[in-house]
Each structure stands twice: as C-alpha cells, then as structure tokens.
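Read the structure below first, then the notes.
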There are 2 protein chains.
Amino acid sequence: MHKKIADEDLLGEKFLSNISVDIVIFGFHNRQLKILLLRFKNTSLYALPGGFINEEEEDIEEAVERVLTERTGIKDIYLEQFGVFGSKKRAFGATHKHIHESAGKTTELNPWITQRFVTVGYYALVNLKETVPNPDDVSDFCGWIDINEIPTLAFDHKSIIEKALESLRMMLDLKLAVFNLMPESFTMNDLQSLYETILGKKLQRTNFQRKMLSLGILERLDKHWTGGAHKAAYLYRFDKNKYNEMQKEEMNTNKF
Amino acid sequence: MHKKIADEDLLGEKFLSNISVDIVIFGFHNRQLKILLLRFKNTSLYALPGGFINEEEEDIEEAVERVLTERTGIKDIYLEQFGVFGSKKRAFGATHKHIHESAGKTTELNPWITQRFVTVGYYALVNLKETVPNPDDVSDFCGWIDINEIPTLAFDHKSIIEKALESLRMMLDLKLAVFNLMPESFTMNDLQSLYETILGKKLQRTNFQRKMLSLGILERLDKHWTGGAHKAAYLYRFDKNKYNEMQKEEMNTNKF
DNA sequence: CAACCATTGTATCAAAGTGATACAATATTA
DNA sequence: TAATATTGTATCACTTTGATACAATGGTTG
C-alpha cells in the first residue's frame with residue numbers, strides 16, 4: 001500500500017489500477033509470534049507492508065516477492081495467498097493525504113492513490129533472525145510486533161491480519177510450512193509454543209511430542225543446555241530431505 | 001469476463017480497471033458433477049461466467065452475486081472465494097476481438113477490454129434444478145457440462161476450474177457446504193456419488209453411511225422406490241436446524 | 001556432595017475413529 | 001415363491017488421540 005517509488009508521477013502509468021497487495025509477514029522469536037509492521041512518519045499509525053503490481057513485468061506473486069525483499073532483505077520466502085479484500089469502501093484518499101503530509105512531502109499527493117483498491121492478501125513465513133527490516137519513504141519504523149500487541153492500524157489492515165492468522169491456523173496441519181518460521185535448530189518446547197500461539201490454545205506436551213516425532217521429518221541433534229535446573233532438552237532440525245521423500249511417496253499412494 | 005452491458009462505451013467508466021471475477025458454478029445431477037459454462041456465439045469456445053465490478057456500488061462479492069443471478073436466475077447462493085489469478089499474461093485482446101467479431105458486432109471493440117486483468121475466482125454451489133441458465137449477449141449457449149467432459153476453454157479458465165475443484169476437495173470435510181448441491185431429498189448413494197466425484201476416488205459404502213449418519217445433520221424420510229430389484233433406500237434431508245445447533249455448540253466448546 | 005526440584009522423554013491405558021468384512025432385511029423379478 | 005441385487009447395521013481389528021504415570025537428568029541448594 002506504500003512502496004518506494006522513484007518517481008511518484010509514474011504511479012498511474014506503471015502499475016495496475018485499482019489493485020494492491022498486502023503482506024502479513026510472520027516471524028517467531030522468543031516464543032512469540034510476530035508480524036512485520038511499518039509506522040508512517042510522524043504518526044502512530046501502523047500498516048502492513050504492501051505495494052502495487054507492475055503492469056508490464058510482474059505477476060502478482062512477483063510483486064509480492066519484490067515488496068518482501070524491499071522490506072526484509074531476504075528472498076525465496078514461503079508465500080501463501082489467503083484472500084482478496086474488495087469492499088467498495090476500500091478507497092483511502094483522506095488517510096493517504098494525512099500520511100503524505102505527515103511525511104513532510106511538498107509535492108501534491110498523486111490522485112492515483114486515492115482511487116478504490118482491491119487488495120490481494122498474502123502471508124509469508126520467514127526466519128525472523130535473517131531479516132533486516134527496512135522502512136519505506138513514508139514510514140519511519142519497520143519492525144517486528146507481537147501478534148498480541150498489534151497497535152492501531154491504517155486502512156482495513158486489522159481485519160486482513162485476522163484473516164491471515166485464521167488461514168495460517170487452517171493450514172497448520174495440512175502443510176508443514178510452519179517450519180519456515182523456526183530457526184535452524186530448536187527444542188520441542190519452542191515448536192510447541194509456536195503451535196500454541198498460532199492455535200490460540202494450550203496443547204498437551206507429551207502428545208504433541210509424540211505427534212511431531214511421528215511425522216518423521218525431525219532430525220535429533222545434541223542436547224541443549226537451557227540453564228534451567230532440570231534435564232536438558234534435545235535440539236531438533238527440520239529435515240527437508242526426509243520431508244521431500246515423504247511428499248514423493250504421498251504422490252504415489254494418492255493416485256487412485 | 002463477459003457480462004450484459006447496456007452501453008458498452010461505459011465499460012471503462014463504470015467498472016474497476018484491471019479486475020474481473022470468474023465463477024465456477026457447481027451443480028449435481030444424475031450422479032454427475034457439472035459446471036455452468038457459456039459458449040461464445042458462432043465459435044466452439046467455452047468460458048466461465050464472469051464479469052466486472054461496479055466501481056461505485058459493488059463489493060466484489062456483490063458483483064459475483066449479480067453475475068450469478070444474471071446467469072442462473074437464482075439468489076442467496078453458497079459462495080467461496082478460492083483464489084486470484086494474476087499472471088502478467090492475463091491480457092486477452094486477440095481473443096476478445098475474435099469473440100466480438102464472431103458475435104457479429106458492428107461497433108468497434110472497446111479497447112478497455114483488452115487490458116491486463118487480474119481475476120478473482122469464486123465457486124458457487126447450487127441446486128442445479130432450480131436454475132434457468134441464461135446466455136449473455138456474446139454467447140449462444142449457457143448450460144451445465146459434466147466436469148469430466150469440459151470442452152476447450154477460452155483464456156486460462158481451464159486452470160481456474162482445476163483450482164476451484166481442488167479447493168472444493170479441500171473444504172469437503174471442513175464445511176458441510178456440499179449439501180447446497182443436493183436436491184431437497186436424496187439417498188445415501190446419491191450423496192456418496194457426489195463425494196466420489198469430488199474426491200475422484202471410490203469410497204467404502206458402509207463406512208460412508210456410518211460417517212454421514214454420525215454427523216447428526218441428516219433427517220431420515222420415507223423409503224424410496226428405486227425401481228430396482230432390491231431393497232428400497234431411505235431418502236434423507238439435510239437438516240439445517242440441527243446443523244445450526246451444532247455450529248452454536250462448536251462455538252461454545254472452542255473458546256479455550 | 002547429596003538431597004531436591006523442575007522439566008524432559010517415553011510408556012501405557014482407555015476412548016474414539018477408521019477400514020474391512022459379514023450378514024440379515026427387503027423390493028422387485030422370474 | 002425362490003432368486004437377486006442392494007440396503008442398513010453390526011462387528012472385529014487396527015490406528016489415532018487424550019490423559020496419566022514415571023523414570024531420567026541437569027542444575028540448585030543446604
């Protein structure tokens with residue numbers, strides 16, 4: 001909804017009209033599920049990273065990948081399209097004017113931005129530690145915010161985030177995408193706390209462990225010193241090779 | 001992608017640019033899963049019902065509902081948004097020109113239609129018997145076609161249908177939307193054949209019956225004369241009241 | 001350094017769910 | 001009236017899931 005544009009006057013010519021993309025970038029750190037948010041300059045108004053689609057050169061997903069790289073510095077990210085938001089009320093001229101002025105811009109606001117936009121929502125699952133958040137030219141902050149401490153958001157981004165979370169929850173047991181959020185190695189407890197925040201409920205420790213191990217995609221590494229006064233937990237690694245083998249077998253068995 | 005337009009010259013002014021909707025309308029009859037297709041005048045080219053979004057007056061879903069009613073005559077239909085198709089190749093000027101000319105139009109093709117479109121895919125589940133298919137002004141046929149006998153399709157509608165089917169398959173056990181496809185009363189065997197065509201595989205009769213009955217949302221009616229030389233099957237009705245009660249209970253139990 | 005403590009890894013039991021098979025009931029046909 | 005095809009239900013083995021028990025262990029504390 002606000003990308004770095006070399007020449008603002010080109011807006012209307014370069015990009016598809018009436019269409020934007022917004023990305024809910026999920027990360028996980030300190031047993032907290034977080035998303036990447038921007039804050040508009042000199043305001044307390046936050047928003048999702050987003051942008052527009054180059055009319056000549058970009059598939060939607062390519063535009064999303066571009067925005068992702070611009071905001072986080074990383075590439076090859078797990079992406080999922082989760083919905084389109086197309087209310088007739090999605091024209092935010094007044095808000096854009098406010099953002100434009102707060103950013104101290106002296107040029108006139110390009111009227112192209114005030115039209116009605118249908119936005120395509122994607123969520124991304126990234127290893128938070130590998131990212132270097134980078135604000136755009138109308139924001140003075142770009143960083144990770146706990147999913148339970150989301151501040152006031154511009155536009156309808158609050159409901160977009162809710163839909164993304166719901167979608168992530170649905171996919172949790174269908175795909176194993178969640179491992180994209182984990183660091184290289186982690187304990188069962190780390191993984192369980194991720195599941196718990198996504199699902200919004202507590203899980204039984206022993207049964208969770210049994211289930212994860214039975215997936216057959218975790219490689220057990222060394223023990224891990226927690227520093228706590230108790231037995232040390234094993235570290236695990238997501239084994240992509242085993243996962244790929246499993247996928248192949250599934251393909252074979254599912255045919256009739 | 002081709003709706004009845006009072007004045008074609010208004011195209012660019014009335015509707016959102018670069019955005020269309022396409023609808024995969026599913027119906028079930030004679031133990032066959034079917035979708036509603038249009039055929040362009042004087043061609044053997046078929047396409048999904050679709051249209052554009054009125055810039056001032058319509059949410060996306062409202063546009064979809066309008067198109068649905070225009071093509072089938074019915075309202076209050078089960079709808080699900082299943083994806084957005086935004087390849088940079090989605091500009092179909094040549095095809096539209098061909099369609100326009102084949103339809104015998106004397107006016108110039110409105111250049112608005114030749115731009116790149118991002119299309120939002122919805123599927124609808126309808127009781128086929130209640131519909132009255134109705135072609136638009138560039139098509140000479142609008143009717144139900146077996147999912148296994150899909151003819152050559154215009155644009156990228158083939159892959160849109162595939163994605164819709166896949167999405168329907170995924171939702172099958174999560175929601176009970178499938179009953180929107182059934183007539184008022186049906187036998188277990190009818191229902192099973194619907195599940196089988198959607199899933200693309202045979203199911204065990206006895207276990208399917210057990211599972212469906214255990215859902216607690218089927219009301220058993222009278223016996224049914226099949227005309228066959230065997231025991232008559234019961235007729236069942238989808239009991240919307242029981243279903244709603246179940247949903248309510250689920251809401252209560254799911255809270256923490 | 002030994003008793004203690006909190007957490008981890010694993011085993012086990014009961015309940016629920018699922019796949020496969022058996023069999024009685026019955027509407028029509030021959 | 002017997003034969004036949006299909007339907008409705010029961011049952012058994014097997015798997016999955018929820019809940020509980022318990023031994024192992026790394027660090028803490030007296």
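Being a predicted model, the structure only gives us computed values, none of them experimental.
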Which nucleotide sits closest to the side chain of B:Arg220: D:dT9, C:dT28, C:dA25?
D:dT9

What nucleotide among C:dG9, C:dT10, D:dT9 has an atom nearest to a side-chain atom of A:Tyr234?
C:dG9

Rounded to the nearest Å, what distance is computed from the CE atom of residue A:Met188 to the P atom of nucleotide C:dA6?
24 Å

note: A:Lys201, atom NZ; D:dG18, atom C1'; distance rounded to Å ~ 12 Å

Look at A:Gln204 and D:dG18 and indicate whether a side-chain polar atom (N or O) is within less than 4.0 Å of OP1 or OP2.
no

C:dT21 OP1/OP2 closer than 4.0 Å to side-chain N/O of B:Arg205:
no

Indicate whether OP1 or OP2 belonging to C:dA20 is found under 4.0 Å from a side-chain N or O atom of B:Asn207.
no

Closest to side chain of B:His230, choosing from D:dA10, D:dT6, C:dG19
D:dT6

Quickly work out the B:Met212 CE to D:dT7 P distance and round it to whole Å.
16 Å

Can you tell which of B:Leu68, B:Ile74, B:Val67 makes a side chain to side chain contact (heavy atoms under 4.5 Å, CB included) with B:Ile25?
B:Leu68

Has B:Arg210 got a side-chain N or O lying under 4.0 Å from the OP1 or OP2 atom of D:dT7?
no

Atom NZ of B:Lys223 and atom P of C:dT28 are separated, to the nearest Å, by 11 Å

Got a salt bridge between A:Glu62 and A:Arg66, using NZ or NE/NH1/NH2 to carboxylate O under 4.0 Å?
no

note: A:Leu218, atom CG; C:dG9, atom C1'; distance rounded to Å ~ 14 Å

Could you give the CD-to-C1' distance, from A:Gln209 to D:dA19, as a whole number of Å?
16 Å

In whole angstroms, how far is the P atom of C:dG9 from the CG atom of A:Asn189?
9 Å

Please identify which of these residues, B:Arg205, B:Arg210, B:Gln204, B:Gln209, meets the side-chain hydrogen bond (donor to acceptor under 3.5 Å, both in side chains) condition with B:Asn207.
B:Arg210

Which of B:Leu221, B:Leu213, B:Leu191 passes side chain to side chain contact (heavy atoms under 4.5 Å, CB included) with B:Tyr236? It is B:Leu213

Counting only side-chain heavy atoms from C-beta out, which of D:dA19, D:dT9, C:dT28 sits nearest to A:Thr206?
D:dA19

Is it the case that atom NZ in A:Lys242 sees more than 12 heavy atoms from other parts of the structure closer than 6.0 Å?
yes

Gap between atoms NZ and P, on A:Lys211 and C:dA11 respectively (whole Å)
20 Å

